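Keep in mind that the numbers below use all heavy atoms, side chains included, and drop hydrogens, waters and symmetry copies. Keep in mind the model is a prediction, meaning the values are calculated, not measured.
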Amino acid sequence: MNGWMRNKRVLAGVAAAIILATLAVTFIQRCGKDEQKELPMERTMASIEEVRPRGEIYVCTALIEDYTTLQKVEHNLFWTNEEHSCVQTLRQRCSYKVDLNRVEYETSDSTKTVFVKLPPIEYVATTQSSSFLSDDANYWAEHLPNTNEMKRKVESQIRRRFDTAENRRKAERYAEDAVSQVLSQLGYEVEFVRVLEKKKE
């Protein structure tokens, strides 16, 4: 009788082990199938507001040097009057830039076309070097405390040489090319407009 009970317990233990093993294999197989099952994914177009270019781009640059002169007469009581002259030179890097944060975009619902309105291009100049030459350092130190006015005059001359209507048209074209290239790489067709009308709700 004791032997039969022992055998019964052994058989019950073996049966329980087989059931547990079967459940474990089934669970592992199901998990494996779930991991292999692909998630349904749909291709979506990137929103232009999410991928819009940021920062600034410089579309035209030139190094320009110019100068201005100043003459003064030194009046003397006991000898002839003496003429003095000086020269102020400036070398500037002149550029046109576009603020990409101010670019306006309008996308089309039916096509991949994006309508773009660029802000006005901006003229910027940075002085690379300057020099002041004179015939008499002591005289000019007394009669010309600083050369700021002469520098402003040269800056104005340089700007007139660079900032012309023709150069602005070129810069606008270069800016359009740069923005168009970026958006084309994102899969958009680009049209530039002068006035950007917002969609009607």
Enquirer: Quick one: OG1 on T126 to CD on Q92, what's the gap to the nearest 0.5 Å?
Expert: 7.0 Å
Enquirer: To the closest 0.5 Å, what do you measure between CZ (R102) and NZ (K117)?
Expert: 9.5 Å
Enquirer: Closer than 3.5 angstrom, by distance alone: can the side chain of Q88 be matched with the main-chain N or O of S131 as a donor-acceptor pair?
Expert: yes
Enquirer: Could you tell me whether R161 atom CZ has more than 12 heavy atoms of other residues or ligands within 6.0 Å of it?
Expert: yes
Enquirer: Keeping to residues at least two apart or across chains, list the ring pair (Phe, Tyr, Trp, His ring centres under 6.0 Å) pairs with something in residues 160-186.
Expert: Y96-F162, Y123-F162
Enquirer: Atom OG1 in T69, atom CG in L133: separation rounded to 0.5 Å?
Expert: 12.0 Å
Enquirer: For atom OH of Y67, decide whether the heavy atoms of other residues, nucleotides or ligands shown that lie under 6.0 angstrom number more than 12.
Expert: no
Enquirer: Taking side chain as C-beta onward, heavy atoms only, is T127 less than 4.5 Å from E155?
Expert: yes
Enquirer: Nearest 0.5 Å please: distance from the CG atom of D136 over to the CD atom of E142.
Expert: 10.0 Å
Enquirer: Closest approach of D99 and G55, non-hydrogen atoms and distance?
Expert: OD1-O, 3.6 Å
Enquirer: If you compare all heavy atoms of V59 against all heavy atoms of A171, which two are closest, and at what distance to 0.1 Å?
Expert: CG2-O, 3.6 Å
Enquirer: Rounded to the nearest 0.5 Å, what separates atom SG in C60 from atom CG in D163?
Expert: 10.5 Å
Enquirer: Please tell me whether S156 and R160 have a donor and an acceptor in their side chains that are separated by less than 3.5 angstrom.
Expert: yes
Enquirer: To check you understand the geometry: which heavy-atom pair defines the closest contact between K112 and G187, and what is its length?
Expert: CD-O, 3.5 Å
Enquirer: Identify whether V179 and Y58 are in the same connected component of the hydrophobic contact network (ILVMFWY, side-chain heavy atoms under 4.5 Å).
Expert: no
Enquirer: Checking D135 side chain against S85 main chain: does a donor-acceptor pair fall under 3.5 Å?
Expert: yes
Enquirer: First locate atom CG of N167, then atom CD of E172, and finally report the distance between them rounded to the nearest 0.5 Å.
Expert: 11.0 Å
Enquirer: Looking at every heavy atom in both Q128 and R93, which two are closest together, and how far apart are they?
Expert: NE2-CB, 3.5 Å
Enquirer: Would you say CD of E149 has more than 12 non-hydrogen atoms from neighbouring residues, nucleotides or ligands within 6.0 angstrom?
Expert: no
Enquirer: If you look at every heavy atom in I158 and L90, which pair is closest and at what distance?
Expert: CD1-O, 4.0 Å
Enquirer: Which hydrophobic side chains are connected to F132, either touching it within the sub-4.5 Å cutoff or through other members that do?
Expert: L70, Y139, W140, L144, M150
Enquirer: Within a reach of under 6.0 Å around NZ of K97, are more than 12 heavy atoms found that belong to other residues, nucleotides or ligands?
Expert: yes
Enquirer: Above 12 or not: heavy atoms from other molecules or residues under 6.0 Å from CD of Q71?
Expert: yes
